[in-house]
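Proteins come first, then strands; the chains are lettered A, B, ... in the order of their sequence lines, and each starts at number 1.
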Protein chains: 2
Amino acid sequence: MRRLAKVNTGTEAPRRTRIQQEKRELILEAALEVFSTNGFRGSTIDQIAEAAGMSKPNLLYYFRRKEDIHETLMQRLLDTWLAPLRELDDIGDPLTELRSYIRRKLEMARDFPRESRLFANEILQGAPRIMPLLAGELKTLVDEKAAVIKGWMRAGKIARTDPWHLIFSIWATTQHYADFDVQVRAVLGPNRGGDGRFEDAARFLEQLFLDGLKPKG
Amino acid sequence: MRRLAKVNTGTEAPRRTRIQQEKRELILEAALEVFSTNGFRGSTIDQIAEAAGMSKPNLLYYFRRKEDIHETLMQRLLDTWLAPLRELDDIGDPLTELRSYIRRKLEMARDFPRESRLFANEILQGAPRIMPLLAGELKTLVDEKAAVIKGWMRAGKIARTDPWHLIFSIWATTQHYADFDVQVRAVLGPNRGGDGRFEDAARFLEQLFLDGLKPKG
DNA sequence: CAAATTTTTGACCGATTGGACAAACGTTAG
DNA sequence: CTAACGTTTGTCCAATCGGTCAAAAATTTG
């Protein structure tokens with residue numbers, strides 16, 4: 001009876017055995033850990049293989065090239081990473097929607113810091129591997145949501161301002177707590193830099209985005 | 001007559017000839033370019049040497065190890081990078097002071113994006129080389145300025161909130177335009193992503209930090 | 001000028017890298 | 001069981017890496 005051929009087709013034919021599925025997940029999990037802390041060029045296949053508990057040739061049996069691992073990781077990443085923005089909905093109170101979006105993004109920075117750092121690494125180095133996605137899929141989504149926000153502004157539900165830069169500022173402030181986590185904890189010190197820092201950040205960001213810094217009165 | 005001995009003392013004795021000064025600057029400039037786009041491990045001495053227009057052994061005559069270049073670069077960076085925060089002054093109107101700080105930081109993101117990316121690269125990878133500086137010099141400075149801001153809040157000059165996270169949010173939003181520049185331009189597109197994007201960002205950030213998003217009324 | 005010193009380079013080295021390969025080992029269908 | 005296929009590994013390789021070294025070239029000093 002016909003069995004499966006080579007695994008590493010990469011582009012298509014994802015028919016895989018149980019072992020293949022499991023081992024590929026194991027490798028991707030290990031690669032996320034290694035890539036997110038060392039960058040692509042700073043990471044070695046040996047590091048990933050050791051983190052995944054297997055030999056280098058064995059890893060290369062599941063992913064033919066180092067770049068294939070990174071590519072698979074980035075493809076998966078973008079979907080989950082943009083999910084909060086996709087949820088931004090025209091129905092419902094605008095200020096509540098924005099507050100929820102900020103909160104969800106901050107939770108992702110707290111719960112998936114490796115994903116955030118992997119993405120940041122890629123962008124920092126000029127996004128050589130995902131540039132088309134940025135100018136295509138991402139731009140389309142942001143433009144769409146910017147239109148929604150503009151509608152809220154026209155309706156007088158939120159202050160008039162630039163929707164694109166608003167989205168950037170939400171990305172920047174929330175992802176900062178994942179990407180610059182080391183610095184945040186170093187500056188806050190042992191007491192304030194503990195587990196409570198995300199709640200402090202949530203409170204601060206809510207106030208910033210809703211009311212700004214001008215004193216009441 | 002006694003001449004200069006080896007150049008690479010590194011830690012002290014910075015007596016240098018004209019050629020040494022010039023060539024060292026040339027190397028540091030080239031290294032800034034290379035390190036900021038490839039990270040430390042992703043950059044090679046050959047790349048830096050080529051960017052500086054000299055041979056690898058010649059470069060190693062001025063900096064004995066690759067790490068020495070990076071270290072020198074980081075030391076210089078922190079001084080100029082924190083200058084805007086150091087200027088944050090207790091005298092003068094608080095809201096004006098904060099607005100000036102945001103503007104200066106945004107100008108630095110525009111005029112020195114490579115420095116910003118170099119710093120981001122280092123922090124992203126756990127700040128292995130400057131951790132002591134973060135927990136020492138940086139924390140001291142931020143704590144000091146947080147106290148100044150707290151004074152403004154007590155005096156009712158600005159809204160009460162967390163001064164540390166306020167500083168983080170200013171860092172995050174401004175540096176975003178340097179570190180994530182590729183993404184910003186990809187999303188904004190050819191028209192809005194042109195040279196005017198920093199002015200748009202300045203306008204938006206001023207409104208965000210002063211008034212927030214709640215509609216006037 | 002010439003000697004002393006600084007600067008530059010080609011050649012080289014050991015270590016590490018991404019990846020190839022064949023042989024050994026496991027597993028499963030008939 | 002056994003043959004066919006999937007999985008794993010030890011070994012090897014060429015390229016690249018950071019860095020050395022001695023000797024040539026350029027510069028400075030007296």
Side-chain angles (χ1 to χ4, degrees), chain A residues 1-10 13-28 30-31 34-35 37-73 125 128-129, chain B residues 1-10 13-28 30-31 34-35 37-73 125 128-129:
Chain A
M1 195 174 206
R2 270 303 203 80
R3 291 284 191 88
L4 296 172
K6 57 187 168 167
V7 182
N8 298 314
T9 53
R15 197 167 302 180
R16 304 204 165 97
T17 68
R18 176 185 52 85
I19 292 184
Q20 282 172 25
Q21 294 230 0
E22 289 174 5
K23 290 300 173 75
R24 281 176 65 96
E25 289 306 315
L26 209 71
I27 292 169
L28 289 172
V34 175
F35 279 145
T37 55
N38 301 110
F40 180 76
R41 288 208 51 189
S43 304
T44 70
I45 299 183
D46 290 278
Q47 280 178 311
I48 301 172
E50 191 192 336
M54 62 180 71
S55 64
K56 181 169 67 171
N58 196 12
L59 183 149
L60 286 167
Y61 170 71
Y62 292 102
F63 291 91
R64 185 138 47 193
R65 299 174 310 141
K66 177 185 174 186
E67 209 170 326
D68 289 349
I69 311 176
H70 191 264
E71 198 180 311
T72 306
L73 225 40
Q125 311 196 350
R129 285 166 252 274
Chain B
M1 198 170 207
R2 271 302 203 80
R3 288 287 190 83
L4 294 173
K6 55 188 166 163
V7 181
N8 297 316
T9 52
R15 198 167 299 180
R16 302 204 168 96
T17 67
R18 178 186 51 85
I19 292 184
Q20 283 173 24
Q21 294 232 358
E22 289 174 7
K23 290 300 171 73
R24 282 177 63 97
E25 288 307 315
L26 210 72
I27 293 169
L28 289 172
V34 175
F35 279 144
T37 55
N38 300 109
F40 180 75
R41 286 209 51 186
S43 305
T44 70
I45 299 183
D46 289 278
Q47 280 178 312
I48 301 172
E50 192 192 337
M54 62 180 70
S55 64
K56 180 168 68 169
N58 196 11
L59 182 148
L60 286 167
Y61 169 71
Y62 293 103
F63 291 90
R64 186 138 45 191
R65 300 175 311 143
K66 178 186 176 186
E67 211 170 324
D68 289 349
I69 311 175
H70 191 265
E71 196 179 312
T72 306
L73 226 39
Q125 311 197 350
R129 284 166 256 272

Glu50(A) atom CD, neighbour heavy-atom count above 12 within 6.0 Å: no

Applying side chain to side chain donor-acceptor pair (under 3.5 Å), can you list everything that pairs with Arg65(A), at least two apart in sequence or on another chain? Asp68(A)

Rounded to the nearest angstrom, tell me the gap between atom CG in Leu26(A) and atom P in dT8(D). 10 Å

Tell me which nucleotide among dT7(C), dA11(C), dG18(D) gets nearest to the side chain of Pro57(B). dA11(C)

If you assign Arg41(B) and Ser55(A) each to the DNA chain D nucleotide with the nearest heavy atom, which residue ends up on the more 5' nucleotide? Ser55(A)

If I compare all heavy atoms of Phe40(A) with all of Lys66(A), which pair ends up nearest, and what's the gap? O-NZ, 2.9 Å

Measure from CZ on Arg24(A) to P on dT8(D) and round the result to the nearest Å. 14 Å

For the side chain of Lys23(A) and the backbone of Ala52(A), is there at least one donor-acceptor N/O pair under 3.5 Å apart? no

Please report, rounded to the nearest Å, how far the C1' atom of dT16(D) is from the CD atom of Gln47(B). 11 Å

Nucleotide dG26(C), atom P - distance to CG of Asn58(A) in whole Å: 13 Å

Whole angstroms only, please: what is the NE2-C1' distance between His70(B) and dG18(D)? 16 Å

Tyr61(A) vs dT7(D): side-chain N/O to OP1/OP2 distance below 4.0 Å: yes

Which is more 5' along DNA chain C, the nucleotide nearest Phe40(A) or the one nearest Met54(B)? Just name the residue. Met54(B)

Rounded to whole angstrom units, what separation is found between the CD1 atom of Ile27(A) and the P atom of dG18(C)? 15 Å

Rounded to the Å, how far apart are Glu22(B) CD and dT27(D) C1'? 13 Å

Point-to-point distance, once rounded to the nearest 0.5 Å, from CD of Glu22(A) to CD1 of Ile27(A): 12.0 Å

Strictly below 4.0 Å: does Arg64(A) bring a side-chain N or O up to OP1 or OP2 of dA20(C)? no

Selection from dT7(C), dG19(C), dT9(D) that lies nearest to any side-chain heavy atom of Lys56(A): dG19(C)

Where the side chain of Thr44(B) is defined as all heavy atoms beyond and including C-beta, which of dT20(D), dG18(C), dG18(D) is the nearest nucleotide? dG18(D)

Starting from C1' on dT27(C), measure out to NZ on Lys23(A) and report it in whole angstrom. 13 Å

